[in-house]
Amino acid sequence: MTNISTPPLSADAVMRDAPVIPVIVLNDVRQAVPLARALIAGGIRMLEVTLRTSQALACIEAIAREVPDAVVGAGTVRSAADAVAAHHAGARFAVSPGFTPALGRQCRDLDLPLLPGVATGSEIMLAQEEGFKALKFFPAVQAGGLAMLKAWQGPFGDVVFCPTGGIHAGNAHEFLALPNVACVGGSWLVPADALARGDWDAITSLARAACELRR
Ligand code: 3PG
């Protein structure tokens, strides 16, 4: 459970903590704590654990309980019920692949900062109507990538994005150079093979390299 003395967090602060938010998929709760420690050793503490596996909530709980330097969040939050479950497990922020007003209101009721997923102008307008202006652009590369973000700078100059989807060590810097990009998200910091081997040093190195990316 979340420590009640934990200070409030904003979606903007989640995005600005480091250049990259790792998108994490865990099938084994025993990997959660060493993985979180490996990422923190490399300088990344905002950790998005996706609700895509049966173990995801247990992993969030383990990190929240055992790794006080981590700020664990839930990804793939698709419903109000997901948000409640993530919050109960100790998630301190939520990331969603799309946006609904019901999800936005539930997160607000829980004081759970939400990075809502958008891919079109109408979705940005809907999220803005509900008070959100720090948004995830998903799936970023597939939905228009750099050109789309540049096009949004005019009409949506007051919005900042965390593009996610198709971003990796080789193209992250191009996204981070845009003024409306606060950070990027991606799974490349936690490769499935390194995770399976328990190669925590490799993951720390990837996190360290990600922290050196310039915004
Ligand atoms: C996802 O939801 O899977 C994330 O956007 C990660 O995408 P990536 O694997 O392309 O980084």
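One-based numbering, in listed order, for ligands and for the atoms of each. Residue numbers count from 1 along this sequence.
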message: Evaluate Thr164 for polar contact with ligand 1, using N/O atom pairs at a separation under 3.5 Å.
response: no

- prompt: Which atoms from ligand 1 have a heavy atom of Gly186 less than 4.0 Å away?
  reply: 11 (O)

- prompt: Considering only heavy atoms, does Trp188 approach ligand 1 within less than 4.0 Å through its side chain, its backbone, both, or neither?
  reply: neither

task: Identify, for atom 8 (P) of ligand 1, the protein heavy atom at the shortest distance, and state residue, atom and that distance.
output: Ser187 OG, 3.5 Å

message: Return the closest protein heavy atom for atom 7 (O) of ligand 1 as residue, atom name and distance.
response: Gly165 CA, 3.7 Å

field: Min heavy-atom dist Arg52 to ligand 1 below 4.0 Å
entry: yes

query: Hey, does Gly166 sit under 4.0 Å from ligand 1 if you only count heavy atoms?
result: yes

query: Between Phe161 and Phe156, does the ring centroid distance fall short of 6.0 Å?
result: no

Just wondering, do [Y] and [X] contact through their side chains at under 4.5 Å, heavy atoms?
| X | Y | result |
| --- | --- | --- |
| Pro191 | Leu206 | yes |
| Arg16 | Val160 | yes |
| Leu149 | Phe175 | yes |
| Leu115 | Glu48 | no |
| Val190 | Leu39 | yes |

